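Written below as structure tokens is the structure these notes are about.
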Amino acid sequence: MSRIDIQTVDSAAAEVAPRLAAAQRASGFVPNLLGVLANAPTAIEAYQTVSAINARSGLTAAEREVVQISAAVSNGCGFCTAGHTKLARHVVKMDPLDLDALRAGTALPSPRLNALATFTREVIAERGNVSDAQLQGFLDSGYTHATVLEVVLGVSLATLCNYANNLARTPINPELQPFALH
């Protein structure tokens, strides 16, 4: 049970109900994360705005999912792990071996994606204060200074979601349960 109310299209404040209705039209259900964030209109707005900005980054869809799943696993957010696993499998069509490794927090078979996952976990663990060697290792794998900052952008988005879910103890929607870690 959530420690913070999960708003629905019918229970949400008038200013956020359209955001929930749009999410319901897009995915067929309202993710409980959005229902939690809807308690604070600025929180759901920030989530949706930063999500849209993150989607425009130079990272590919698979790379964005690597950042989000790496962060969710690092932060112990089962809800986001499940949600992003569904996206990675069914929308992005990520290689199942890479996805399984991400979920396990182990090395990915794809070297470039492994470098991204490793760097994302280092950014989180070091609160951005990675060593010169860690930064250079990431750059040596073919990423750029722009990518470094796009990882921080993705981590900031994940932090909002992961922390809100962890704080609320947001239950995983039935639609996402098949993708939950067990």
Side-chain angles (χ1 to χ4, degrees), residues 23 26-27 29 31-37 46-128 130 134-135 137-138 141-144 146-182:
S27 62
F29 69 102
N32 286 338
L33 165 65
L34 295 182
V36 167
L37 293 175
Y47 166 75
Q48 291 177 324
T49 300
V50 175
S51 290
I53 292 167
N54 189 55
R56 297 191 329 254
S57 78
L59 295 173
T60 66
E63 289 170 329
R64 289 191 304 272
E65 291 308 313
V66 166
V67 172
Q68 292 305 305
I69 295 170
S70 295
V73 170
S74 293
N75 290 323
C77 182
F79 186 95
C80 288
T81 301
H84 285 283
T85 296
K86 181 179 180 184
L87 286 172
R89 277 193 189 149
H90 296 293
V91 177
V92 176
K93 310 288 189 202
M94 183 179 283
D95 181 299
L97 295 177
D98 284 328
L99 185 53
D100 290 345
L102 268 177
R103 290 165 51 88
T106 60
L108 283 68
S110 302
R112 184 170 166 87
L113 294 181
N114 186 59
L116 179 59
T118 299
F119 185 70
T120 300
R121 290 189 293 262
E122 291 167 349
V123 166
I124 293 166
E126 302 298 328
R127 295 178 182 88
V130 298
Q134 290 168 318
L135 177 60
F138 183 62
S141 68
Y143 289 104
T144 67
T147 312
V148 168
L149 296 172
E150 290 171 339
V151 169
V152 172
L153 171 63
V155 167
S156 70
L157 175 61
T159 301
L160 171 62
C161 303
N162 299 169
Y163 284 22
N165 282 321
N166 289 345
L167 181 72
R169 295 191 183 139
T170 308
I172 299 171
N173 295 72
E175 297 85 350
L176 300 176
Q177 278 294 330
F179 308 97
L181 290 174
H182 296 291

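These numbers come from the heavy atoms of this one structure, side chains and all, not from hydrogens, waters or symmetry mates. The structure displayed is predicted, hence computed values, not measured ones.
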Working to the nearest 0.5 angstrom, can you tell me the gap between Ser74 OG and Asn162 CG? 9.0 Å
Could you tell me if the side chain of Tyr143 sits less than 4.5 Å from the side chain of Val148, heavy atoms only? no
Glu63/Arg112 salt bridge by N-O under 4.0 Å criterion: yes
Ignoring hydrogens, what is the shortest heavy-atom contact between Gly154 and Gln68? Give both atom names and the distance. O-NE2, 2.9 Å
Check Ala62 against Met94 and note the closest heavy-atom contact, atom names and distance. O-CE, 3.3 Å
dist Tyr47:OH -> Leu33:CG (nearest 0.5 Å) comes out at 5.5 Å
Residue pair Ala72 / Cys80: nearest heavy atoms and the distance that separates them: CB-CB, 3.8 Å
Can you find a pair of side-chain heavy atoms, one from Leu153 and one from Ile53, that are under 4.5 Å apart? yes
Heavy-atom distance under 4.5 Å between the side chains of Leu102 and Glu65, does that happen here? no
Of the options Val67, Val73, Val66, which is the one that meets Ile69 in a side chain to side chain contact (heavy atoms under 4.5 Å, CB included)? Val73
Within this structure, what is the OG1-CG distance for the pair Thr170 and Asn165, rounded to the nearest 0.5 Å? 3.5 Å
I'd like to know whether Thr85 forms a side-chain hydrogen bond (donor to acceptor under 3.5 Å, both in side chains) with Arg103, so could you lay out the CA-CA distance, the side-chain angles of the two residues, the decisive distance to 0.1 Å, and finally the verdict. CA-CA 8 Å; Thr85 296; Arg103 290 165 51 88; 2.8 Å; yes
Testing the basics here: between Ala23 and Leu34, what is the closest heavy-atom pair and its distance to 0.1 Å? CB-CD1, 3.4 Å
State, yes or no, whether a side-chain contact exists between Leu176 and Phe29 at a heavy-atom distance under 4.5 Å. yes
Do Phe138 and Thr118 have side chains that approach each other closer than 4.5 Å (heavy atoms only, starting at C-beta)? no
So do Pro109 and Asp95 actually touch side chain to side chain, heavy atoms under 4.5 Å? no
Checking the side chain of Ser110 only, and the main-chain atoms of Leu113 only, is there a donor and an acceptor separated by less than 3.5 Å? no
Rounded at 0.5 Å granularity, tell me how far OG in Ser156 sits from CG in Leu160. 8.5 Å
State whether the side chain of Asn75 and the backbone N or O of Ala71 hold a donor-acceptor pair below 3.5 Å, judged by distance alone. yes
Looking only at the aromatic ring of each residue, does the gap between the centers of His84 and Phe79 stay below 6.0 angstrom? no
Heavy-atom pair with the smallest gap, counting every atom of Gly78 and Ile172: O-CD1, 3.7 Å
Residues Leu99 and Ala88: closest non-hydrogen pair is CD1-CB, 3.8 Å
Value for CD1 (Ile124) from OG1 (Thr159), rounded to nearest 0.5 Å, stands at 6.5 Å
Out of curiosity, Ser51 OG to Arg56 CZ, how far, rounded to the nearest 0.5 Å? 11.5 Å
